[in-house]
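What you see is a predicted model; the values in this text were computed from it and never measured. Quick note: numbers below take in every heavy atom, side chains included, and nothing from hydrogens, waters or symmetry partners. Here is how names work: the chains are called A, B, and so on, in the same order as the sequence lines, proteins then strands, and each is numbered from 1.
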Amino acid sequence: MDEARHERIRAAVLAIPEGWVATYGDVAAEAGERSARVVGKVLSEDGADLPWHRVLRADGSSAPHILDEQHARLRAEGVEIRDGRVVLAHHRLASGWLSRR
DNA sequence: CATATGACCGCCA
DNA sequence: GTGGCGGCCATAT
């Protein structure tokens with residue numbers, strides 16, 4: 001991954017406000033990426049200092065290895081979780097959140 | 001170059 | 001509602 005793409009992805013995640021969430025695909029689109037996988041890749045390698053817990057799968061679920069921590073953090077921000085999935089209808093950020101600040 | 005492996009996604013049965 | 005499958009794309013071997 002070249003540095004520019006890497007940083008755009010980090011910037012998109014960083015711009016997600018507390019109490020809101022976005023899917024990996026949303027972040028990819030926001031950062032001009034064509035692959036949601038790459039977003040997960042970046043977060044796994046260089047996401048420790050980002051609000052990575054606000055990034056979810058397209059169905060509102062989360063990967064098994066981070067599930068506990070993610071849910072704990074989200075609940076602390078008032079994000080509603082039902083049947084193991086975040087209620088995207090209530091907390092999903094509208095596309096363009098990065099530019100239209 | 002070929003295969004495998006993921007913090008993934010959309011479609012279809 | 002669930003799984004399966006193909007597509008996706010960077011990295012590792």
Between B:dC1 and C:dT13 - C1' atom distance, rounded Å: 13 Å

Quantified in whole Å, what is the P atom distance between nucleotide C:dG6 and nucleotide B:dT3? 16 Å

Whole-Å gap separating C1' (B:dC11) and CG (A:Asp59): 14 Å

Just how far is it from atom CH2 of A:Trp20 to atom CZ of A:Arg54, taken to the nearest 0.5 Å? 12.0 Å

Separation of B:dA7 atom P from A:Ile9 atom CD1, nearest Å, is 16 Å

Rounded to the nearest 0.5 Å, what separates atom CD1 in A:Ile81 from atom OG in A:Ser62? 7.5 Å

Looking at B:dG6, which nucleotide sits across from it as a Watson-Crick or G-U wobble partner, both distances under 3.5 angstrom, or is there none? C:dC9

Would you say that more than 12 heavy atoms from the other residues, nucleotides or ligands in this model lie under 6.0 Å from the CG of A:Asp49, or not? yes

Working for side-chain contact (heavy atoms from CB on, under 4.5 Å), residues A:Val21 and A:Ile16: CA-CA 7 Å; A:Val21 302; A:Ile16 303 174; 5.7 Å; no

Between C:dG1, B:dA7, B:dG10, which nucleotide has the shortest distance from any of its atoms to the side chain of A:Arg85? C:dG1

Qualifying residue, where the test is side chain to side chain contact (heavy atoms under 4.5 Å, CB included) with A:Arg73 and the options are A:Glu69, A:Glu77, A:Gln70, A:Arg75: A:Glu69

Among A:Val42, A:Leu14, A:Leu50, A:Asp46, find the one that has a side chain to side chain contact (heavy atoms under 4.5 Å, CB included) with A:Ile9. A:Val42

Sub-3.5 Å pairs of nitrogen or oxygen atoms, protein against nucleotides 9-12 of chain C:
residue	atom	partner	partner atom	Å
C:dC9	OP1	A:Arg34	NE	3.3
C:dC9	OP1	A:Arg34	NH2	3.1
C:dC9	O4'	A:Ser35	OG	3.4
C:dA10	OP1	A:Arg5	NH1	3.1
C:dA10	OP1	A:Arg5	NH2	3.0
C:dT11	OP1	A:Met1	N	2.1
C:dT11	OP2	A:Met1	N	2.9

